[in-house]
Amino acid sequence: MGRSSVRVLAAATITMTLTSTVCFPRQEIMKWNGWGYSDSKFLFNKKGQAEFTGKRYSILGMVLPSLQDWFENTFGASVNHKSPATPALNASAVPPASLNEAFVEDLKATGIPFSHEAEDRVFRAHGHCLHEIFALREGKKFERVPDMVVWPNCHNDVVKIVELACKHNVCLIPYGGGTSVTSALECPPEETRCIVSLDTSQMNRILWIDEKNLVAHVEAGIIGQDLERLLNESGYCTGHEPDSMEFSSLGGWVATRASGMKKNVYGNIEDLVIHIKVVTPRGVIEKSCQGPRMSTGPDIHHFILGSEGTLGVVTEVTMKIRPIPEYQKYGSVVFPNFEAGVACLREVAKQRCAPASIRLMDNEQFQFGHALKPQVSSIFTNFVEGLKKFYITKFKGFDPHQLVVATLLFEGDRERVLQHEKQVYDIAATFGGLAAGEDNGQRGYILTFVIAYLRDLGMDYYVVAESFETSVPWDRVLDLCRNVKERINRECKERGVQFQPLTSCRVTQTYDAGACVYFYFAFNYRGLADPVHTYERVEHAAREEILANGGSLSHHHGVGKLRKEWMKESISSLGVGMLQSVKDYVDPDNIFGNRNLL
Amino acid sequence: RELSSESNIYIYCFNILVFVTLQQRDPMLKRDGFEDILEERRNSSDLKYALRCYAPVLYKGVTPCKANMLKNIVLQSDQLHYVINQVSQESGEAPDIIQEEASVILEEMAHRLQISTVRFFAFALSKAFKTLFQHVCVNEEGIQRLQQAIQEHPVVLLPSHRSYMDFLLMSYILYTYDLALPVIAAGMDFMGMKFVGEMLRMSGAFFIRRSFGGDKLYWAVFSEYVKTMLRNGFAPIEFFLEGTRSRTCKSLTPKLGLLNIVIEPFFKGEVFDVNLVPVSISYERILEESLYARELLGVPKPKESTSGLLKARRILSEDYGSIHVYFGQPVSVRSLAQGKVNRSTYNLFPRHIPRKPMEETQSFVNDTAYRIVRLQEDNMVLKPWVLMASLLLQNLEGLELSVLTEQTVWLRGLALSYAAFLDWPDHAPTAKVVSSSLALHRGLACVSGGRVSLVVGEPLGPVTPEEALFNRAVSVLSCASYRNQVLHVFLRPAMLAVAMLHLSDEVYNCFSFLWDMFSNDFILCPGDIVQDFEEACYLLVKTGAVQMPQQDIVMTDIGQPTLSFFNGLLEPFLQGYQVVCRYLCEEASEGLTEKQYIPAVRSFYSVLCVFTGNLRCYEVLSSDMQKNALAALLRMDAVRKVKVADQVTLIVNKMAVNSIDDILGKNRMISHINQTQISPGLSLVAVAEDLYRDGLTPSYIR
């Protein structure tokens with residue numbers, strides 16, 4: 001399959017809109033109380049069949065006939081029991097802006113655009129944690145939102161803003177794509193200073209491309225899909241594709257130590273960056289050269305990578321680029337059970353032959369993926385599908401309630417892709433894996449992009465959902481997955497959740513010494529007084545279970561404020577002290593006061 | 001009696017804690033009812049029963065694992081490979097030779113559970129049980145809980161151990177209720193019985209050597225074998241926390257080895273949880289009754305042999321009353337460990353490399369073991385005879401039947417108010433209950449001329465004073481094995497009673513001295529001393545034996561009989577420990593070895609007894625008490641063990657032993673004075689003091 005047909009991302013329109021407007025109301029094309037674009041959403045039509053609206057995604061306009069059954073059976077929910085969101089933002093629920101007049105005056109003098117409209121401020125007061133979205137949908141009163149929003153246009157604008165913030169003791173919270181799921185964007189309620197949200201969206205240019213060294217120098221506000229699209233125009237890509245790449249920004253990736261789906265070929269963000277420019281209250285941090293590796297004491301990039309907006313604003317990044325691969329091919333393998341699948345991924349990692357992406361979905365996710373199959377029009381396709389199913393379950397004896405599927409994405413020149421493909425399928429075969437076609441593979445990756453939209457659909461029908469992730473050594477993967485699921489089930493029961501929750505996981509990344517595991521967790525909250533609280537307690541318990549089973553606090557989501565309480569346990573109190581002393585040196589007045597991490 | 005300021009703080013908390021204690025103990029009162037499983041056996045065909053369809057539900061629907069497959073999993077495990085390589089490097093032996101050794105060990109150890117053998121036992125045991133026992137009662141609610149637990153988590157069955165019957169009985173019950181048959185850790189000594197050993201193996205027993213201290217390979221094979229079964233949930237694992245059959249019918253201090261093994265997979269995250277199910281097996285009459293008494297007195301235990309077992313057929317003609325088997329509430333290791341053990345400390349070490357458990361874990365496992373044994377104790381069913389035996393032992397010269405009856409009724413009331421699990425026949429007149437108990441235990445007590453007294457075996461021909469003493473001791477120890485069954489109910493208030501009747505020291509200090517002293521003889525959870533004191537106070541207050549106006553503990557008039565009874569209950573232990581102290585102070589030679597200790601104490605006492613003629617502390621002749629007393633003295637640093645060559649020598653700190661003896665002695669004097677009514681036994685100290693007054697030193701006696 002050629003690469004032209006595989007792009008499932010929405011066509012980019014944000015950049016276009018923004019560069020032509022003075023004020024920057026992202027909320028015009030994006031939902032104010034849910035995921036993604038306003039025109040893209042799932043709904044159950046009058047016939048009770050699920051549909052995805054809008055023209056941005058490849059499953060657009062298709063009818064998904066099995067989704068309703070799956071939804072109702074999995075959650076005990078019903079399309080007749082709706083829990084609709086409040087239709088529009090109630091301005092009275094937003095606390096009035098408390099402005100630092102002197103700061104505003106000085107800022108006006110710089111000519112940098114800003115706003116203190118309620119909608120602008122609320123839009124930048126949250127990420128996409130369940131409790132944040134739930135509160136928006138319910139129309140709850142906000143405790144604390146930014147008092148104003150500024151839109152710097154370049155590095156120098158940021159320098160000016162930070163200088164003024166220091167001068168007037170104003171709290172700055174950098175805002176990139178707004179896709180945080182760690183409460184990182186939440187304003188600390190105890191913050192009494194004026195809070196200014198520093199929106200980097202206007203710093204979205206590729207400043208230069210250096211084809212000799214294969215690096216590009218890019219402003220940090222650029223959104224993932226724009227970066228890829230613009231580079232593609234020159235025949236390059238970064239290959240950095242986190243699941244949020246439609247909306248997340250380069251600066252955000254650096255600030256959270258992001259990881260992309262194709263890291264096996266291109267590396268994670270820390271492998272991709274060559275040079276970072278950060279504006280801090282003490283001034284600008286950057287290295288003096290672009291040497292590919294240095295032995296100059298601890299790498300200062302690593303103070304910045306994962307600093308979660310506590311030290312300063314990332315303004316410009318030099319990152320590696322690669323020529324666009326000649327050929328791309330999806331694939332999938334079914335395994336009789338999760339154990340066999342994990343064993344296969346481990347072997348693939350051992351032989352260091354992982355394709356650009358290899359992911360193993362458990363049985364629950366496999367069934368979920370099936371529920372998203374569009375209606376097939378031809379009788380022939382129907383027949384072939386039936387035959388395939390018969391072959392796997394009856395002939396090969398796979399239990400449909402046990403089997404799991406690995407999705408694969410290969411990249412490179414055609415010949416090598418085919419060779420690579422054969423190698424991986426051969427390994428899979430030794431673990432009882434059967435090749436299951438490109439379509440299944442591709443659908444697996446579509447799921448990644450639409451799942452966030454599906455959460456909004458769930459919330460329309462009393463279902464709350466969230467995802468969380470960890471990284472864990474290979475030998476503990478199975479134990480961790482089993483124990484965390486069991487813990488979730490048990491906690492839900494103990495906390496009075498009336499319906500069996502959905503707990504599902506997938507292994508999304510492989511490393512030499514371990515894997516990244518991603519969990520989905522959802523339940524029907526009918527009958528619960530405070531579903532968000534219940535949800536949070538369960539997630540808390542799940543995280544404790546992860547840590548007790550040798551998993552990390554986070555593989556790529558970060559810590560934010562959601563997981564701060566475990567930092568000491570995770571990196572020792574001495575480690576926290578080291579980070580704290582860096583913070584104290586770089587930002588003694590806590591100008592970057594989002595209180596993430598520490 | 002005034003309490004010091006130190007104790008005041010305690011008293012302050014007391015009122016609050018009484019309530020807590022009350023809450024803690026009360027749920028245990030809600031006990032399940034019993035069903036007699038023999039009833040159906042008496043009314044339907046045993047053969048049909050043995051051949052019926054047996055299809056138990058397993059853990060999360062796993063398919064049962066064939067014994068051979070299990071062995072292969074163990075032999076191929078990373079855990080075992082690691083140790084094989086390690087041993088190979090240390091010994092210079094090739095790994096495949098060590099691997100072969102491991103395979104031989106496993107062969108010797110592994111069970112070969114076969115349903116046909118189980119069916120054979122189901123048939124044979126049905127016949128045997130119907131002959132031996134009136135009833136075999138099981139709490140069916142417990143069975144239901146167990147069935148649920150087996151499906152959800154790996155289950156470890158932890159029965160009490162009083163008889164060889166225990167594990168056959170357990171498997172029999174599980175077969176009866178269509179539950180997954182357990183694999184049972186059994187001592188290697190059973191393997192001596194060739195045919196029977198193999199039969200047991202085929203009914204689910206696996207055999208472990210009694211001691212394999214430094215043998216890394218053995219330990220690795222053994223622990224991996226057990227863990228493999230547990231992790232995969234192939235079958236419930238059953239073993240005896242007490243390690244061996246209790247010859248005294250008191251619960252034994254739990255052994256931790258196997259418990260450590262079954263708990264570790266939880267800490268390592270290999271299983272979500274492990275459920276520990278305490279099972280209390282109470283026998284109205286123990287098959288091994290007089291055998292145990294003889295064993296305790298130093299007649300070596302007969303080696304397990306098939307022919308010996310056949311000889312034991314004699315016992316088939318006797319009536320052994322009923323058995324009660326109570327399956328306790330499954331205890332979740334996960335819930336127990338919550339907040340006590342940080343599992344993430346296991347994250348930094350490869351899980352397949354064997355490691356000594358961390359201190360935190362060790363104390364958790366120890367605590368858990370004690371907790372489980374106490375749960376076993378709580379659900380032990382007590383028969384009226386147990387109460388009667390307690391009274392008879394305080395009146396060795398005999399009691400009027402009417403007095404015994406009256407006091408038994410009184411004691412019943414006391415036991416019930418202390419939450420004893422008493423199986424008292426409904427609607428039967430007390431006299432009838434007493435007489436039928438006496439009938440069942442006619443080998444131990446008899447009624448003549450309206451007086452009840454212990455039966456002493458009369459050997460043919462003339463007897464030496466030593467033989468007479470020995471015979472008397474057999475009957476006292478046999479009887480004591482029944483009294484011992486009720487001790488856990490009365491222990492804490494009884495220690496408090498003894499402490500209160502002690503003049504010179506503070507009550508709490510005295511209580512804690514006794515608590516410490518007796519912690520080998522009884523199940524006293526380490527660190528629970530304050531809690532136990534509270535419980536004791538609470539119980540004594542509850543029955544009106546003491547009052548606690550403000551900060552005092554005051555004996556009441558109506559409390560006198562209770563306190564005296566309690567004092568008499570512990571009397572044999574106080575006396576016994578004191579004899580040991582006396583021996584160590586006055587008689588023990590310089591190079592006393594550990595091996596010589598028991599026979600030496602025995603002969604010291606015999607001589608003392610033969611000379612004075614009226615000592616009544618027969619229980620000190622029991623090796624169990626002697627060992628426990630020594631262990632207490634070792635713990636209190638009054639005695640030290642020194643290894644010289646391959647002999648272990650005991651070094652006695654006479655000053656320390658003397659002062660312990662002093663404390664016990666004062667106790668004894670007091671109890672003697674206060675106790676004349678119920679137990680007019682002469683105190684050893686008094687006798688000994690008489691002896692000294694007459695200028696008879698112990699060495700002269702010898």
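Keep in mind it's a predicted model, so treat the numbers as computed, not measured. Atom set for the values below is all heavy atoms of this structure, side chains included, hydrogens, waters and symmetry mates excluded.
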Sidechain N-carboxylate O distance under 4.0 Å for [X], [Y]:
| X | Y | answer |
| --- | --- | --- |
| A/R482 | B/E270 | no |
| A/R490 | B/D273 | yes |
| A/E545 | B/R334 | yes |

Hey, could you give me the [atom1]/[atom2] distance between [X] and [Y], rounded to the nearest 0.5 Å?
| X | Y | atom1 | atom2 | value |
| --- | --- | --- | --- | --- |
| A/E486 | B/H153 | CD | NE2 | 5.5 Å |
| B/F272 | A/N549 | CZ | CG | 9.0 Å |
| B/N342 | A/E569 | CG | CD | 6.0 Å |
| B/R351 | A/D479 | CZ | CG | 4.5 Å |

Checklist entry - Donor-acceptor pair, B/N347 side chain versus A/G551 backbone, under 3.5 Å? => result no
Within the supplied structure, the quantity of interest is the number of heavy atoms (other residues, nucleotides, ligands) at a distance under 6.0 Å from [X] [atom1]; does it exceed 12?
| X | atom1 | result |
| --- | --- | --- |
| B/M358 | CE | yes |
| B/E90 | CD | yes |
| B/K340 | NZ | yes |

Item to check | Interface moiety of A/R476 toward chain B, non-hydrogen atoms closer than 4.5 Å | outcome: both
Checklist entry - Which heavy-atom pair separates B/S344 from A/L547 by the least distance, and what is that distance? => result CB-O, 3.6 Å
Checklist entry - Out of B/T345, B/V271, B/L348, which one racks up the most heavy-atom pairs below 4.5 Å with chain A? => result B/V271
